[in-house]
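Following: one structure in structure tokens, then a few remarks.
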Amino acid sequence: MTANTPATRKAKGNRAERKVAEAYRRYDIDPKASRMPMSGAMQWHKGDIWKPNDYKYVDEVKCQETVKFWAWWAQAQSQASMGQIPVLHITANNRPILTVVDMEDYMDLRKQVMDLEKIIKEMEG
């Protein structure tokens, strides 16, 4: 089903935002995560997902059939303040949600996980 009117396109985007917020809650990253009211229009918080316990990452969610990847990535970057990491979640009809981060941020996350796994293994003996 293609979203042909502004209302159906907005509803499609809202569903994708709810799914991303629900994932933050399900993975216990931020139990209060929800769609951002007015989708990032507030001066003090940009992005599509409100996460009161996770300010390090700023999320932009796109659910469109026509991919404008670099424009979306630029939007995600522009919404991240000093020290925040932009995250772009993209999807379309009958597609999984893909999450895009800068390679350096991804490598930092992988390194942190590996370091923590090493610490846990050493603690276990």
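Residue indices begin at 1 and follow the sequence shown.
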**Request:** Using the side chain to side chain donor-acceptor pair (under 3.5 Å) rule, collect all pairs that involve residues 111-125, keeping only residues at least two apart or in two chains.
**Result:** Lys111-Asp115
**Request:** Check salt bridge (charged side-chain N to carboxylate O under 4.0 Å, His left out) between Arg95 and all other residues, then give those that pass, not counting sequence neighbours.
**Result:** none
**Message:** Using 0.5 Å steps for rounding, measure from the CD1 atom of Ile49 to the CZ atom of Arg18.
**Reply:** 10.5 Å
**Prompt:** If you group Ile, Leu, Val, Met, Phe, Trp and Tyr by side-chain heavy-atom gaps below 4.5 Å, do Tyr57 and Met103 land in one group?
**Reply:** yes
**Item:** Pair Lys12-Glu65, side-chain contact (heavy atoms from CB on, under 4.5 Å): steps then yes or no
**Value:** CA-CA 11 Å; Lys12 194 168 128 179; Glu65 299 302 311; 3.2 Å; yes
**Prompt:** When clusters are formed by joining ILVMFWY residues with side-chain heavy atoms under 4.5 Å apart, either directly or through shared neighbours, do Val113 and Leu109 land in the same one?
**Reply:** no
**Prompt:** What heavy-atom pair brings Val61 and Ala16 nearest, and what distance separates the two atoms?
**Reply:** CG1-CB, 3.7 Å
**Prompt:** Strictly by modelled atom types, are Lys62 and Gln75 linked by a side-chain donor-acceptor pair under 3.5 Å?
**Reply:** yes
**Request:** Could you identify which residues cluster with Val100, counting Ile, Leu, Val, Met, Phe, Trp and Tyr as linked when any side-chain heavy atoms lie under 4.5 Å apart, either directly or through a chain of such contacts?
**Result:** Val67, Phe69, Trp70, Trp72, Trp73, Leu88, Ile90, Leu98
**Request:** Under the salt bridge (charged side-chain N to carboxylate O under 4.0 Å, His left out) rule, collect the residues that match up with Asp102, sequence neighbours excluded.
**Result:** none
**Request:** Starting at CH2 of Trp50, measure out to CD of Glu17 and round the result to the nearest 0.5 Å.
**Result:** 15.0 Å
**Request:** Indicate the atoms forming the closest heavy-atom contact of Tyr55 with Gln84, along with that distance.
**Result:** O-NE2, 2.8 Å
**Message:** For Arg25 versus Ala33, what's the shortest heavy-atom pair and its separation?
**Reply:** NH1-O, 2.6 Å
**Asked** Hey, are the side chains of Pro86 and Val58 touching, using non-hydrogen atoms and a 4.5 Å cut-off?
**Response** no
**Asked** When you look at Gln79 and Glu60, which way does the side-chain contact (heavy atoms from CB on, under 4.5 Å) test go after all the steps?
**Response** CA-CA 8 Å; Gln79 293 182 355; Glu60 181 62 31; 2.9 Å; yes
**Request:** Take Met107 and Asp105 through the test side-chain contact (heavy atoms from CB on, under 4.5 Å) and record every step on the way to the result.
**Result:** CA-CA 5 Å; Met107 293 300 172; Asp105 294 324; over 6 Å; no
**Item:** Any residue meeting side chain to side chain donor-acceptor pair (under 3.5 Å) with Asn53, in chain and number order, not counting sequence neighbours
**Value:** Asp30
**Transitive ILVMFWY cluster of Met82, excluding itself - 4.5 Å side-chain cut-off** = none
**Request:** Take Val20 and Asp48, measure what side-chain contact (heavy atoms from CB on, under 4.5 Å) needs, and give me the verdict at the end.
**Result:** CA-CA 9 Å; Val20 171; Asp48 292 328; over 6 Å; no
**Request:** Count the heavy atoms of every other residue, nucleotide or ligand shown that sit under 6.0 Å from CZ of Arg26, and state whether that count exceeds 12.
**Result:** yes
